[in-house]
Student: 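Supplied in structure tokens, the structure appears directly below.
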2 protein chains.
Amino acid sequence: MTATLPVVCAALGDPTRWEILTRLGEGPMSASALARVLPVSRQAIGKHLEVLREVGLVESEQRGREVVYLAVGARLGALARELDRIGRSWETRLLRIKELAERPGPAASEAPEASD
Amino acid sequence: MTATLPVVCAALGDPTRWEILTRLGEGPMSASALARVLPVSRQAIGKHLEVLREVGLVESEQRGREVVYLAVGARLGALARELDRIGRSWETRLLRIKELAERPGPAASEAPEASD
DNA sequence: GCGTACTGCAACCCATAGGTTGCAGGCGCG
DNA sequence: CGCGCCTGCAACCTATGGGTTGCAGTACGC
């Protein structure tokens with residue numbers, strides 16, 4: 001999956017797409033079926049499904065004469081892991097900076113004294 | 001934080017905002033400082049920072065005459081946990097459906113009549 | 001074999017998100 | 001004390017994303 005982080009997040013940034021994903025999370029559905037339960041046209045649904053498919057959040061499967069889509073939980077899990085990793089790195093650097101700021105003397109040995 | 005999932009994801013769906021977040025993840029910066037290193041105007045940066053602040057991804061702090069912003073890793077972590085939970089639920093239901101489909105005998109205890 | 005329902009493609013519309021410029025106010029530094 | 005930098009607010013522009021309608025093709029069920 002070459003879909004970059006902002007792209008995947010953008011795909012998840014639309015309420016209608018979350019509606020679609022929620023429905024697909026409960027079981028496979030076709031675009032027409034989705035259009036029946038959601039307040040948008042089948043064509044709009046189709047565009048959303050295409051976006052979601054490009055970032056790997058849904059997969060399509062030809063079933064008879066219709067095409068059913070299903071939500072790929074693993075993709076969401078992968079994204080979650082990436083975000084978590086980045087979040088942790090932010091906090092780590094933040095802590096390091098605070099340490100430096102609050103440490104008056106440049107005794108830069110690794111003595112993680114929690115003198116808060 | 002009342003920011004709904006699609007809203008937070010939308011905030012993360014813009015490349016420029018990721019640039020900002022990345023810089024802020026390395027240490028606190030002011031809007032002007034960000035505008036100096038990024039190819040957009042200070043005002044544009046300001047709008048992005050406002051969006052990020054509304055969903056809790058950055059926090060601001062008055063430091064002397066300037067306002068510095070810093071990335072909130074915990075928020076990203078919280079989002080990651082939510083996404084992971086949802087992803088898992090999708091996979092669980094998927095497995096259940098596949099089980100039902102591949103189980104020839106209706107030996108299921110609660111078989112909610114799939115009469116389609 | 002016919003009609004029906006599903007799909008794919010294209011043109012078009014409109015709101016808004018992302019960006020810019022311009023200006024006015026204030027706090028710090030030299 | 002005055003200059004400079006940083007902030008906040010507002011008006012404005014434009015591309016694009018989300019949506020619609022319409023049409024043509026095709027496979028399924030009866």
Side-chain angles (χ1 to χ4, degrees), chain A residues 3-24 27-71 101, chain B residues 3-24 26-71 101 114-116:
Chain A
T4 74
L5 249 156
V7 175
V8 188
C9 290
L12 290 175
D14 184 274
T16 303
R17 279 198 281 267
W18 270 104
E19 287 284 339
I20 293 176
L21 284 172
T22 302
R23 297 303 200 292
L24 292 183
M29 289 180 79
S30 71
S32 298
L34 282 165
R36 258 179 254 122
V37 301
L38 294 184
V40 287
S41 69
R42 190 203 93 234
Q43 283 81 347
I45 300 274
K47 290 187 190 176
H48 284 304
L49 286 171
E50 178 58 21
V51 172
L52 292 171
R53 210 172 54 78
E54 276 174 3
V55 299
L57 282 168
V58 305
E59 282 177 0
S60 61
E61 181 183 335
Q62 193 86 22
R63 187 178 294 186
R65 82 171 145 182
E66 56 182 25
V67 181
V68 296
Y69 293 81
L70 49 103
Chain B
T4 75
L5 250 157
V7 174
V8 187
C9 290
L12 290 173
D14 184 275
T16 303
R17 279 197 282 268
W18 270 104
E19 287 286 338
I20 293 176
L21 284 172
T22 303
R23 296 304 199 292
L24 292 184
E26 300 174 358
M29 288 181 79
S30 71
S32 297
L34 282 165
R36 258 179 255 122
V37 299
L38 294 183
V40 288
S41 68
R42 190 203 93 233
Q43 283 82 347
I45 302 272
K47 291 185 190 178
H48 285 303
L49 286 172
E50 179 57 22
V51 172
L52 292 171
R53 212 172 52 79
E54 275 174 4
V55 299
L57 281 168
V58 306
E59 282 177 1
S60 61
E61 181 183 338
Q62 193 85 22
R63 188 178 293 187
R65 78 171 150 185
E66 58 183 22
V67 180
V68 296
Y69 292 80
L70 48 102
S115 61
D116 180 42

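The figures here come from the full heavy-atom set of this structure, side chains too, leaving out hydrogens, waters and symmetry mates. Each chain gets a letter, A, B and so on, in the order its sequence line appears, and its residues count up from 1.
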Student: Could you tell me how far apart B:Arg63 (CZ) and D:dC5 (C1') are, to the nearest whole angstrom?
Tutor: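 Answer to the nearest Å: 17 Å.
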Student: Determine: side-chain N/O of B:Thr16 to OP1/OP2 of C:dG19, distance under 4.0 Å, yes or no.
Tutor: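 Yes, within the criterion.
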Student: Please state how far atom CZ in A:Arg53 lies from atom P in C:dG8, giving the value in whole angstrom units.
Tutor: 9 Å
Student: Under the side chain to side chain contact (heavy atoms under 4.5 Å, CB included) rule, what do A:Leu24 and A:Leu49 come out as? Steps first, then yes or no, please.
Tutor: CA-CA 10 Å; A:Leu24 292 183; A:Leu49 286 171; 3.9 Å; yes
Student: Strictly below 4.0 Å, heavy-atom distances to any atom of DNA chain C: list the hits from residues 27-35 of chain A, or just say none.
Tutor: A:Ser30, A:Ala31, A:Ser32
Student: Nearest whole angstrom, please: distance from the C1' of C:dG18 to the CD of B:Glu19.
Tutor: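 It works out to 15 Å between those atoms.
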Student: Counting any heavy atom closer than 4.0 Å, what does B:Val67 reach on the DNA or RNA strands: base, sugar-phosphate only, or nothing?
Tutor: sugar-phosphate
Student: Do side-chain atoms of A:Arg17 reach the backbone of A:Ala11 as a donor and acceptor pair under 3.5 angstrom?
Tutor: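 Judged by distance alone, yes, a pair lies under 3.5 Å.
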Student: Could you tell me how far apart B:Leu12 (CG) and C:dA17 (P) are, to the nearest whole angstrom?
Tutor: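 Spelled out: CG on B:Leu12 to P on C:dA17 is 16 Å.
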Student: Could you tell me the separation between the CD atom of A:Glu50 and the C1' atom of D:dG18, rounded to a whole number of Å?
Tutor: 15 Å
Student: So which atom in B:Ser41 and which in B:Ala35 form the shortest heavy-atom distance, rounded to 0.1 Å?
Tutor: C-CB, 4.1 Å
Student: What are the two closest heavy atoms between B:Gly13 and B:Pro15, and how far apart are they?
Tutor: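 Nearest heavy atoms, B:Gly13 then B:Pro15: O-CD, 3.9 Å.
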Student: Among B:Val58, B:Ile20, B:Val40, which one satisfies side-chain contact (heavy atoms from CB on, under 4.5 Å) with B:His48?
Tutor: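 So, applying the side-chain contact (heavy atoms from CB on, under 4.5 Å) to B:His48 and each of B:Val58, B:Ile20, B:Val40, only B:Ile20 qualifies.
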Student: Between B:Arg53 and B:Glu50, does at least one N-O distance fall below 4.0 Å, as a salt bridge requires?
Tutor: yes
Student: Which atom names give the shortest non-hydrogen contact between A:Ser32 and A:Arg42, and what distance separates them?
Tutor: OG-CD, 3.5 Å
Student: Distance check needed: C:dC6 C1' versus A:Leu49 CG, whole Å only.
Tutor: 14 Å
Student: For B:Glu54 and C:dA17, what is the distance between atoms CD and P respectively, to the nearest whole Å?
Tutor: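 It is 11 Å, rounded to the nearest whole Å.
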Student: If each of B:Arg42 and A:Asp14 is mapped to the nucleotide of DNA chain D with the nearest heavy atom, which maps nearer the 5' terminus, i.e. the 5' end?
Tutor: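 Going by which nucleotide is closer to the 5' end, it is B:Arg42.
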Student: What are the atom names and distances for every N/O pair under 3.5 Å that joins the protein to nucleotides 10-13 of chain C?
Tutor:
none

Student: Could you give the CG-to-C1' distance, from A:Leu38 to D:dT20, as a whole number of Å?
Tutor: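 Value for this atom pair: 16 Å.
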Student: On the nucleotide D:dT21, are OP1 or OP2 found under 4.0 Å from the side-chain N or O atoms that A:Ser41 carries?
Tutor: no
Student: Between the base of D:dG17 and the side chain of A:Arg17, is there a donor and acceptor pair under 3.5 angstrom?
Tutor: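 No pair found.
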Student: List the steps and the verdict of side chain to side chain contact (heavy atoms under 4.5 Å, CB included) for B:Leu38 and B:Arg23.
Tutor: CA-CA 10 Å; B:Leu38 294 183; B:Arg23 296 304 199 292; 3.8 Å; yes
Student: Which atom names give the shortest non-hydrogen contact between A:Ala71 and A:Leu21, and what distance separates them?
Tutor: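 Heavy-atom minimum between the residues: CB-O, 4.2 Å.
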Student: Can you name the closest pair of heavy atoms from B:Ile45 and B:Ala31 and give their distance?
Tutor: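 Closest pair (atom of B:Ile45, atom of B:Ala31, distance): CG2-O, 4.0 Å.
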Student: Supply the atom-to-atom distance A:Glu61 CD to A:Arg63 CZ, rounded to the nearest 0.5 angstrom.
Tutor: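 Rounded to the nearest 0.5 Å, the CD-CZ separation comes out at 5.0 Å.
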Student: Check whether any side-chain heavy atom of A:Met29 sits under 4.5 Å from a side-chain heavy atom of A:Val37, and report yes or no.
Tutor: yes
Student: Just to be sure I understand the rule, does A:Arg36 reach a base, reach only the sugar-phosphate, or reach nothing, if contact means heavy atoms closer than 4.0 Å?
Tutor: sugar-phosphate
Student: List, with names and distances, any nitrogen or oxygen atoms from the protein found under 3.5 Å away from nitrogen or oxygen atoms belonging to nucleotides 27-30 of chain C.
Tutor:
from	atom 1	to	atom 2	distance (Å)
C:dC27	O2	B:Arg65	NH1	3.1

